[in-house]
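Atoms considered below: every heavy atom in the structure, side chains included; atoms not considered: hydrogens, waters and symmetry mates.
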Amino acid sequence: MATPTNDELIHEFCLRFSSTATYDMLKVVVIHLISEDLLDQERLRNYLIVKEFPECLEKNDHRYMDTTYQLAIKYELSERQVQNILYKQRKKR
C-alpha cells in the first residue's frame, strides 16, 4: 500500500490546527520538521488518525468497523493497520 505523500499529510495536519495558525506557517514548520528528520511521517499520520477517529466515529453512528474502514481508505492503509494504530495509542493512555 502506498503511503500518503508529505503534501497530503501536511494538508491534513494544517486543517487540524488552522484555528491557531495560518496554513502557510504550519506548512513551512511541518516541511522543515520532516526534512530535518525531527518529525516522522508515519508518526504524523498516526497522530492524525487518532485525532480524527472520534469525529468519524460520531458521523458513522458509533460503528467502529465503518470508521476504521473509512480511515483506512483515506490514509491508504489496511483496516487492520488502522485498528493497530488506534489500539497502540489506547494502550499508551
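- Residues Leu48 and Tyr69 do not share a hydrophobic cluster, defined by chaining ILVMFWY side chains whose heavy atoms lie under 4.5 Å apart.
- The CD atom of Gln83 sits 11.0 Å away from the CG atom of Leu71 when rounded to the nearest 0.5 Å.
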For Tyr75 and Glu52, run side-chain contact (heavy atoms from CB on, under 4.5 Å): C-alpha distance rounded to whole Å, both residues' side-chain angles, the deciding distance at 0.1 Å, then the answer. CA-CA 11 Å; Tyr75 291 99; Glu52 191 172 342; 2.9 Å; yes
Evaluate Ile85 against Gln89 for side-chain contact (heavy atoms from CB on, under 4.5 Å), listing each step before the verdict. CA-CA 6 Å; Ile85 291 166; Gln89 185 63 30; 5.7 Å; no
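- Note that CZ of Arg80 and OH of Tyr87 are 9.5 Å apart. Values are rounded to the nearest 0.5 Å.
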For the pair Arg63 and Asp66, evaluate salt bridge (Lys or Arg N to Asp or Glu O under 4.0 Å) and give the outcome as yes or no after the intermediate values. CA-CA 6 Å; Arg63 291 187 302 255; Asp66 290 347; 2.5 Å; yes
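- Contact between Gln70 and Cys56 at its shortest, heavy atoms only, is OE1-CB, 4.2 Å.
- Annotation: the span from Ile34 atom CD1 to Arg43 atom CZ amounts to 13.0 Å, rounded to 0.5 Å.
- Going from atom CG of Leu33 over to atom CG of Leu38 covers 5.5 Å, rounded to the nearest 0.5 Å.
- Judged purely by atom type and a 3.5 angstrom limit, Glu58 has no side-chain atom pairing as donor or acceptor with the backbone of Glu55.
- The aromatic ring centroids of Tyr64 and Phe53 lie less than 6.0 Å from each other.
- Note: the hydrophobic cluster containing Ile73 does not contain Val50 (ILVMFWY, side chain heavy atoms under 4.5 Å, direct or indirect links).
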Just do the side-chain contact (heavy atoms from CB on, under 4.5 Å) check on Leu77 and Arg45 with the steps written out, would you? CA-CA 11 Å; Leu77 299 170; Arg45 180 203 63 206; 3.6 Å; yes
